[in-house]
Peer 1: 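This structure is in structure tokens; I'll ask about it shortly.
If you're wondering where the values come from, they're calculated on a predicted model, not measured in any experiment. Lettering follows sequence order; numbering is per chain, from 1. Values below: every heavy atom of this structure, side chains too, minus hydrogens, waters and symmetry copies.
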Protein chains: 2
Amino acid sequence: MSETKKRTFTCGLDAAIAVMGGKWKGLVLFALQDGALRFGELRRAIPGISERVLILQLREMESTGLLHREVYHQVPPKVEYSLTPFGHSLNAAMGPLGEWGEQHLDRIEAIAWDQVSGSGTDR
Amino acid sequence: MSETKKRTFTCGLDAAIAVMGGKWKGLVLFALQDGALRFGELRRAIPGISERVLILQLREMESTGLLHREVYHQVPPKVEYSLTPFGHSLNAAMGPLGEWGEQHLDRIEAIAWDQVSGSGTDR
DNA sequence: CCGGGTACTCACATAAATGTCAGTGTGGAG
DNA sequence: CTCCACACTGACATTTATGTGAGTACCCGG
């Protein structure tokens, strides 16, 4: 199970989800859209995320080419994260989705998330 | 832990992801955009998905109001799934994302997914 | 020296998502 | 009678995602 599993995507949407999937990557993109941020700033900008998870997301997005990591060899250490052009283009593509979310925020918040996927006896 | 956990979303994007998150919901939306499909058709339209998971996704999307389920009491049983207006609006909002994915498909497929999030010693 | 801030890493633990496989009940085809 | 397609359901196993809490190395202010 360690071969180069050539992921074939059904459609562009599939591919896009593979890149920005997960609970946090969208928020990271969003937080960085106005410019570079340091690790600590990023953490504070995304309430609820844990350090470890943020780092993991950052690493993933770095290796998918979505963002750039700039290390300053100073004391105290300083690391800045910024979007690459690729990241910016993804962010732009997610704009409409964000607007949709805001427009329907009330409805989405009103959803009984407790019952979702819990209608049967599954969990 | 059975209270109505009022999920507060950071931004619209967050909310949208809560609704369409996961590996398959986007594909389901996509498959249904041109009209209603039966369960079996849907399964065949989405290669790689297992029956159980498809049902789970369908149930979730039903309870979030994204799609409508119409049962015909016939033999053999017939069930049709179709998008609600809400579902259609989400689909529209995901359009740009899908286009982005298609535009950058080569780049996305070229990503070494094996190494992503495996750079450290995590797994 | 102590504690604070910085950007991490490591070793776990848990939750959530996804997958596999075997049923269930029906009526028609063979 | 047997088997098939249909739309599921249920009991699992596995994988992936997320979370917790500690520790690291550095320097600076007190």
Peer 1: For a quick check of understanding: with a heavy-atom distance under 4.0 Å over all strands, which category does A:V53 fall into, base, sugar-phosphate or nothing?
Peer 2: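 Counting heavy atoms under 4.0 Å across all strands, the contact made by A:V53 includes a base.
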Peer 1: Whole Å only: how far is the CG atom of B:L42 from the P atom of D:dC6?
Peer 2: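 Those two atoms, CG and P, are 13 Å apart.
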Peer 1: Could you tell me the separation between the CD atom of A:E62 and the P atom of C:dA7, rounded to a whole number of Å?
Peer 2: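 My rounded result for the distance is 15 Å.
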Peer 1: Just the rounded figure in Å: distance from P of D:dG21 to CG of A:L54.
Peer 2: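 Going from A:L54 (CG) to D:dG21 (P), I get 18 Å.
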Peer 1: Name the residue closer to the 5' end of DNA chain D, choosing between A:E51 and A:G21 according to the nucleotide with the nearest heavy atom.
Peer 2: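 By nearest-heavy-atom nucleotide position, the 5'-most residue is A:G21.
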Peer 1: Kindly compute the distance separating CG (A:L27) from CG (B:L13), expressed to the nearest 0.5 Å.
Peer 2: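 Result: 7.0 Å between the selected atoms.
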Peer 1: Of the candidate nucleotides D:dC6, C:dG5, C:dC8, which contains the atom at the shortest distance from the side chain of A:F39?
Peer 2: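 Per side-chain heavy atoms of A:F39, the pick is C:dC8.
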Peer 1: Give the rounded distance in Å between these two atoms: NE2 of B:H73 and C1' of D:dA7.
Peer 2: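 After rounding, the reported distance stands at 12 Å.
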Peer 1: Send over the distance from B:Y81 OH to D:dC6 C1', rounded to a whole Å.
Peer 2: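 Going from OH in B:Y81 over to C1' in D:dC6 covers 12 Å.
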Peer 1: Using C1' atoms of five pairs at each end, report the bend of the helix from C:dC1-D:dG30 to C:dG30-D:dC1 rounded to 10 degrees.
Peer 2: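 Roughly 30°, once rounded to the nearest ten degrees.
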Peer 1: Any base atoms under 4.0 Å from B:Y72, or only sugar-phosphate, or nothing? Heavy atoms, all strands.
Peer 2: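 Nothing: the residue B:Y72, judged by heavy atoms under 4.0 Å, touches no strand.
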Peer 1: Provide, to the nearest angstrom, the distance between the CG atom belonging to A:L56 and the C1' atom belonging to D:dA17.
Peer 2: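 Atom CG in A:L56 sits about 9 Å away from atom C1' in D:dA17.
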Peer 1: Enumerate the residue pairs fulfilling salt bridge (Lys or Arg N to Asp or Glu O under 4.0 Å) with a member in residues 89-107 of chain B, sequence neighbours excluded, ordered by first and then second residue.
Peer 2: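 Matches after skipping sequence neighbours: none remain.
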Peer 1: Can you list, pair by pair, the side-chain donor-acceptor contacts under 3.5 Å of residues 81-98 of chain A, counting residues two or more places apart and other chains?
Peer 2:
residue, atom, partner, partner atom, Å
A:Y81, OH, A:R69, NE, 3.3
A:T84, OG1, A:G65, O, 2.7
A:T84, OG1, A:L66, O, 2.9
A:T84, OG1, A:F86, N, 3.4
A:T84, OG1, A:G87, N, 3.1
A:S89, OG, A:F86, O, 2.6
A:S89, OG, B:W100, NE1, 2.9
A:N91, ND2, A:L29, O, 3.1

Peer 1: Would one find a side-chain N or O of A:R59 under 4.0 angstrom from OP1 or OP2 of C:dT9?
Peer 2: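 Yes, because at least one side-chain N or O of A:R59 sits under 4.0 Å from OP1 or OP2 of C:dT9.
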Peer 1: For residues 38-48 of chain A, pull every pair meeting side chain to side chain donor-acceptor pair (under 3.5 Å), keeping only residues two or more places apart or in separate chains.
Peer 2: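 Found none.
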Peer 1: Mind listing the closest non-hydrogen atom pair of A:G101 and B:A15 along with its distance?
Peer 2: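 Residues A:G101 and B:A15, closest heavy atoms: O-CB, 4.4 Å.
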Peer 1: At what distance, to the nearest 0.5 angstrom, does OG1 of A:T64 lie from CD1 of B:I108?
Peer 2: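 Here the interatomic distance stands at 9.0 Å.
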Peer 1: Taking only the side-chain heavy atoms of A:K23 (C-beta and beyond), determine which of D:dC8, D:dT18, C:dA7 contains the nearest atom.
Peer 2: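 Comparing D:dC8, D:dT18, C:dA7 against the side chain of A:K23, the answer is D:dT18.
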Peer 1: According to side-chain contact (heavy atoms from CB on, under 4.5 Å), who are the partners of B:Q57, at least two apart in sequence or on a separate chain?
Peer 2: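 Once residues adjacent in sequence are excluded, the partners of B:Q57 under the side-chain contact (heavy atoms from CB on, under 4.5 Å) criterion are B:W24, B:K25, B:V53.
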Peer 1: Any side-chain N or O of A:R69 less than 4.0 Å from the OP1 or OP2 oxygen of C:dC8?
Peer 2: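 For C:dC8, OP1/OP2 do have a side-chain N/O of A:R69 under 4.0 Å.
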Peer 1: Among D:dG19, D:dA7, C:dT6, which nucleotide sits nearest the side chain of B:V79?
Peer 2: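 That would be D:dA7.
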Peer 1: Nearest of C:dG25, D:dT18, D:dC8 to any side-chain atom of A:R52?
Peer 2: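 So the nucleotide nearest the side chain must be D:dT18.
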Peer 1: Could you tell me if the side chain of B:I49 sits less than 4.5 Å from the side chain of B:L42, heavy atoms only?
Peer 2: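 Heavy-atom side-chain distance check fails, nothing below 4.5 Å.
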Peer 1: Check the distance between C:dA17's P and B:I55's CD1 and give it to me in whole angstrom.
Peer 2: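 Interatomic distance, CD1 of B:I55 to P of C:dA17: 17 Å.
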Peer 1: May I ask you to say what B:Q57 touches in the nucleic acid, namely base, sugar-phosphate or nothing, with a heavy-atom cut-off under 4.0 Å?
Peer 2: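 The residue B:Q57 makes sugar-phosphate contact but no base contact.
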Peer 1: Grab the CZ-P distance between A:R38 and C:dC8 for me, whole Å please.
Peer 2: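 It is 10 Å, rounded to the nearest whole Å.
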Peer 1: Hey, which sits more toward the 5' end of DNA chain D by its nearest nucleotide, B:P77 or A:I49?
Peer 2: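 Whichever sits nearer the 5' end wins; that is B:P77.
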Peer 1: Which heavy atom of A:L67 sits nearest to which heavy atom of A:V28, and what is that distance?
Peer 2: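 Looking at all heavy atoms of both residues, the closest pair is CD2-CG1, 4.1 Å.
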Peer 1: Across the strands shown, which category fits A:R43 at heavy-atom distances under 4.0 angstrom: base, sugar-phosphate, nothing?
Peer 2: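 If one applies the 4.0 Å heavy-atom cut-off, A:R43 turns out to touch nothing in the nucleic acid.
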Peer 1: Heavy atoms within less than 4.0 Å of DNA chain D: which residues of residues 24-33 of chain B have one? Give them sorted by number.
Peer 2: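 Heavy-atom cutoff 4.0 Å gives no residues at all.
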Peer 1: Within the structure provided, determine whether B:E62 and B:E60 are in side-chain contact (heavy-atom separation under 4.5 Å).
Peer 2: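 No, every pair of side-chain atoms sits at 4.5 Å or beyond.
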